[in-house]
Amino acid sequence: MGNHSMFSEFILLGLSADPQTQILLFMLFLMIYLLTLMGNLVMLLVIRSDSHLYIPMYFFLGQLSFLDLCHSSVTVPKMLENLLSESKTIFVESCLAQAFFVFATGGTEACLLAVMAYDRYVAISSQVMSNQLCIGLVWGSWGLAFVDALINILLTVNLDYCEHQSIPHFSCELSSLFPLSCSDTSTNFTVLLCSSVLHFFGTFILIFFSYTRIVSTILSISSTSGRSKAFSTCTSHLTTVILFYGSGFLSYLLPTSGSAVEMIFPLQYSVVTPMLNPLIYSLQNKEVKAAMRRMFRRYVNSFT
């Protein structure tokens, strides 16, 4: 652990230092987190209980809901605790663990969104993925992200933290830990940059090429209604991609100024987007809405 014993805790400065603002933020993010839990759990239950949804698209959607539960639960509970706490501290080991899971779940979601884009292209091309391929792509997404996160966090564990221990953020991320170290972090930055290129820019390029093929396939459909129906199957996924990558790119590409406004984009992809994804897929998808109605009727009938 290097000289981590010099500082056993970090201080997460969070979103605001004003006590009244912190209470309002606590209520807001508690509501968002509860909606996130409820929305994604309902989506998982609907997909698992309805045989009409036993197709690759909804298998991947179920994985996305589970991933959103994990990604949100890594950061939000600690953020809620700090909003009501005066100390706002986090142990170094806990901070490193949080940074690992933030990176791993974020990387997995990027890979999964690329897989879902490919699935949309396969479906529009009137083909179907095999169950083995679907499971393999999901395991590959989790495995690649966790291995990459493990490599980055092992390099970070060996750093010596001998500067001020305040982190100007509501959660621990790898990039926010490097400025606190008095060790040489050039290798860490290089590895993190390569990981970011692989998981985010790399998967974004795969999504771009998938949608290029999707648009080409849709334009080859002769009927207007057929083109409209084919494109409608992609709107939910495309909305999720825009929310995730838009906020992620803005968060990491904008220059650091120390302003609280900078935390809007990390809040978007780590707190707000996991809440919105179930709404996006349920409101824009007739099959999901029909499955929810069937599940609700079964639930009501069981008590009558």
Side-chain angles (χ1 to χ4, degrees), residues 32 34-69 71-72 109 112-131 133-135 137-138 141 207-208 210-246 268-269 272-304:
I32 290 175
L34 293 176
L35 289 174
T36 300
L37 294 178
M38 182 176 67
N40 285 288
L41 287 172
V42 168
M43 187 66 71
L44 284 170
L45 182 61
V46 168
I47 293 172
R48 185 174 180 83
S49 63
D50 198 301
S51 59
H52 295 85
L53 304 184
Y54 288 0
I55 60 176
M57 174 182 176
Y58 298 107
F59 171 74
F60 293 129
L61 179 55
Q63 294 295 320
L64 180 64
S65 293
F66 175 71
L67 191 56
D68 281 337
L69 283 173
H71 191 64
S72 181
E109 183 154 352
L112 187 60
L113 289 174
V115 169
M116 294 174 74
Y118 176 67
D119 171 64
R120 290 298 81 214
Y121 166 66
V122 171
I124 289 175
S125 302
S126 300
Q127 303 175 47
V128 180
M129 285 190 189
S130 66
N131 291 335
L133 179 58
C134 292
I135 295 172
L137 289 172
V138 168
S141 299
I207 293 172
F208 176 79
S210 292
Y211 271 99
T212 300
R213 300 296 297 273
I214 288 171
V215 171
S216 175
T217 303
I218 290 175
L219 293 177
S220 67
I221 300 174
S222 56
S223 66
T224 303
S225 60
R227 288 196 297 268
S228 176
K229 182 179 180 180
F231 184 73
S232 66
T233 64
C234 302
T235 54
S236 298
H237 176 261
L238 194 57
T239 303
T240 301
V241 167
I242 292 172
L243 288 173
F244 181 80
Y245 283 93
Q268 171 65 46
Y269 68 76
V272 179
T273 298
M275 177 195 68
L276 293 178
N277 283 341
L279 295 175
I280 292 169
Y281 277 95
S282 61
L283 294 177
Q284 297 186 12
N285 192 299
K286 295 180 180 179
E287 292 179 329
V288 172
K289 287 190 286 188
M292 286 183 173
R293 286 193 293 269
R294 288 192 293 269
M295 186 182 72
F296 180 73
R297 283 197 296 267
R298 289 196 302 269
Y299 179 79
V300 172
N301 291 335
S302 66
F303 286 92
T304 59

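Nothing here was measured: the structure is a model prediction, and the numbers come from that model.
Thr273 is linked by a side chain to side chain donor-acceptor pair (under 3.5 Å) to Gln268, counting only residues two or more places apart in sequence or in another chain. Taking Phe66 as the reference, Leu44, Cys70, Trp142 meet the side-chain contact (heavy atoms from CB on, under 4.5 Å) condition, with sequence neighbours excluded. Qualifying side chain to side chain donor-acceptor pair (under 3.5 Å) partners for Ser236, counting only residues two or more places apart in sequence or in other chains: Gln284. For Val122, the side-chain contact (heavy atoms from CB on, under 4.5 Å) criterion is met by Tyr118, Gln127, Met129, not counting sequence neighbours. The side-chain contact (heavy atoms from CB on, under 4.5 Å) check on Ser49 picks up Met295, Arg298, with sequence neighbours excluded. Residues passing the side-chain contact (heavy atoms from CB on, under 4.5 Å) test with Ser130 are Gln132, Leu133, sequence neighbours excluded. Take Tyr211 and apply the ring-ring contact (aromatic ring centres under 6.0 Å, His included) test, not counting sequence neighbours, and it matches His237. Contacts of Ser72 classified as side chain to side chain donor-acceptor pair (under 3.5 Å), with partners at least two apart in sequence or in another chain: none.
Closest heavy-atom contact between Tyr269 and Phe244: CB-O, 4.3 Å. In terms of heavy atoms, Asn40 sits closest to Pro274 at ND2-O, 3.0 Å. Closest approach of Arg120 and Cys234 over heavy atoms only: CB-SG, 4.1 Å. The two atoms that bring Met292 and Val42 nearest to each other are CE-CG1, 4.1 Å, heavy atoms only.
Side-chain contact between Ser65 and Asn277 is absent, with no heavy atoms from C-beta onward closer than 4.5 Å. Between Lys289 and Asn285 there is no side-chain heavy-atom pair separated by less than 4.5 Å.
Sorted by first then second residue, the salt bridge (Lys or Arg N to Asp or Glu O under 4.0 Å) pairs that include residues 44-67, not counting sequence neighbours, are Asp50-Arg294. Within the structure, the salt bridge (Lys or Arg N to Asp or Glu O under 4.0 Å) test picks out no pair touching residues 59-69 (sequence neighbours left out).
Put simply, CD on Glu109 and CG on Leu67 are 5.0 Å apart, with the number rounded to the nearest 0.5 Å. Once rounded to the nearest 0.5 Å, the distance linking CG of Leu64 with CG of Leu113 reads 6.0 Å. Rounded to the nearest 0.5 Å, atoms CD1 (Ile280) and OG1 (Thr240) are 4.0 Å apart. Rounding to the nearest 0.5 Å gives a distance of 6.0 Å between CG of Leu69 and CG of Leu37. Considering CG of Leu276 and OH of Tyr281, their distance stands at 12.5 Å, rounded to 0.5 Å. A distance of 7.0 Å separates CG of Leu53 from CD1 of Ile55, quoted to the nearest 0.5 Å.
By the 6.0 Å contact criterion, OH on Tyr54 is enclosed, its count of non-hydrogen atoms from other residues, nucleotides or ligands being greater than 12. Other residues, nucleotides and ligands place no more than 12 heavy atoms under 6.0 Å from the CZ atom of Phe231.
In this model, a donor atom of one side chain and an acceptor atom of the other lie less than 3.5 Å apart for Glu287 and Tyr58.
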Atom pairs and distances, donor-acceptor, side-chain atoms in residues 213-221, under 3.5 Å, two or more places apart:
from, atom 1, to, atom 2, distance (Å)
Arg213, NH2, Tyr121, OH, 2.9
Thr217, OG1, Arg213, O, 2.8
Ser220, OG, Thr217, O, 2.5

Might you work through the side-chain contact (heavy atoms from CB on, under 4.5 Å) test for Phe59 and Asp119, ending with a clear yes or no? CA-CA 11 Å; Phe59 171 74; Asp119 171 64; over 6 Å; no
